[in-house]
Amino acid sequence: MRSPAPKESEARPRALLMCPPDYFEVAYEINPWMHVERKVDAAKAKTQWRKYYELLTGTLSVKVELMAPVRGLPDMVFTANGGLVRKRTFIRSNFRHKERRGEETHYETWFRKNGYIVKKIERPFAFEGEGDALFMGSELYTGFHFRSDVEAHDEISGLLGVPYFAIELADKRFYHLDTCFAPLNETSALFYLEAFEPYAQLVLLESVSDPIRVPEEEALRFACNAVVLGTNVVMPEGCPKTAGELEKRGFRVYALDFSEFMKAGGAAKCLALQL
Ligand code: ARG
């Protein structure tokens, strides 16, 4: 059975946190998309980011908070990895790679200043925020293996008092959960099934009553790295099959060019953290 799209009020985040791409570049390689010799066109990246920001704040009337970019932390533009927000609690990330650990204190400071209760997971466990932890209704889906550890997710579920489904990632091109899974509402989600371990595939097929299975060629264009705002979905362009499935279910799709950010392994979702 097809599920109706959510009411506008239901699934909209209160606000999003973004960070302008002033210092964005591919300066190191920590995922298979990144190649230091494939340089980012800085002007193009700024234009793409601006268009996205303007779509969110203008047409879609979303409140977007901004964090100041920091020189030497090029991936800080991917705010979704900074942590996970639930009401007024912020669980700060422990980045897997040393290249991104410098971002941690900046997130912590921003959230403290903005009145959140900040919590952390004990190292050595890694946790990369919303990149690997997404709410579908009141249930938390967590992706582990490449960037986050299941032990961290277990602790987070306890800290937040929410149940969770830990699903193991299996394809290093889809190193974060938000590169291959996007909840749309309580019953429907986009996912690229083959990015998951066999048991995780079963969990997804069992628990998502109206799945939209994204084909590989569109998953590789980051179709699942979508931001869902009520009945509006912002996703990368070049994913007509996925967009068509969304439209059939009553969603309005806004497809944008994120090509410069894909050089670093991210697109729409990675660039915005839900507040
Ligand atoms: N270059 C970044 C990294 O590898 C990209 C992060 C993309 N973010 C995401 N939520 N998938 O850490």
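One-based numbering, in listed order, for ligands and for the atoms of each.
Nearest to atom 9 (C) of ligand 1 among the protein's heavy atoms is Cys270 SG, 2.7 Å. For atom 12 (O) of ligand 1, the nearest protein heavy atom (residue, atom name, distance) is Arg100 NH1, 2.7 Å.
The atoms of ligand 1 that sit less than 4.0 Å from any heavy atom of Gly131 are 10 (N). Remark: ligand 1 atoms within the under-4.0 Å shell around heavy atoms of Met34 are 1 (N). Ligand 1 places these atoms under 4.0 Å from at least one heavy atom of Asp75: 1 (N), 2 (C), 3 (C). Short contacts between ligand 1 and Asp178, defined as distances under 4.0 Å to a heavy atom of the residue, involve ligand atoms 9 (C), 10 (N), 11 (N). Less than 4.0 angstrom separates some heavy atom of Gly265 from each of these atoms of ligand 1: 7 (C). Close approach of ligand 1 to Ile30 is summarised as follows: ligand atoms under 4.0 Å from at least one heavy atom of the residue are 3 (C), 4 (O), 12 (O).
Phe125 places none of its side-chain heavy atoms less than 4.5 Å from the side chain of His153. At a threshold of 4.5 Å between non-hydrogen side-chain atoms, the residues Met18 and Tyr52 count as touching.
Contacts of Glu130 with ligand 1, taken as heavy-atom pairs under 4.0 Å, are absent altogether. Counting heavy atoms under 4.0 Å from ligand 1, residue Arg147 touches it through the side chain alone. Contact annotation: for His97 versus ligand 1, there are no heavy atoms closer than 4.0 Å.
Residue-to-ligand polar distances place Asn81 within reach of ligand 1: an N/O pair is separated by less than 3.5 Å. Between Thr179 and ligand 1, a contact under 3.5 Å exists for no N or O pair. Between Ala264 and ligand 1, at least one N/O pair is under 3.5 Å apart.
Residue Glu104 is tested with Lys98, Arg92, Lys120 for a salt bridge (Lys or Arg N to Asp or Glu O under 4.0 Å); the sole match is Arg92. Of the listed residues (Glu130, Arg96, Arg147, Arg100), just one forms a side chain to side chain donor-acceptor pair (under 3.5 Å) with Asn81, and that residue is Arg100.
Contact between Thr79 and Leu17 at its shortest, heavy atoms only, is OG1-O, 2.7 Å. For the pair Val150 and Ala166, the tightest heavy-atom approach, listed with the atom from each and the gap, is CG2-CB, 3.8 Å. Of all the heavy atoms in Ala226 and Val233, the pair that sits closest is CB-CG1, 3.8 Å. Of all the heavy atoms in Ala45 and Phe24, the pair that sits closest is CB-CD2, 4.0 Å.
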Item to complete: Could you check Phe111 against Tyr116 for ring pair (Phe, Tyr, Trp, His ring centres under 6.0 Å), going step by step and ending with a plain yes or no?
Response: CA-CA 5 Å; Phe111 279 90; Tyr116 287 79; 5.0 Å; yes
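Phe181 and Tyr141 have their aromatic ring centers within a separation under 6.0 angstrom.
Of the listed residues (Phe222, Phe146, Tyr175), the one carrying the non-hydrogen atom nearest atom 7 (C) of ligand 1 is Tyr175.
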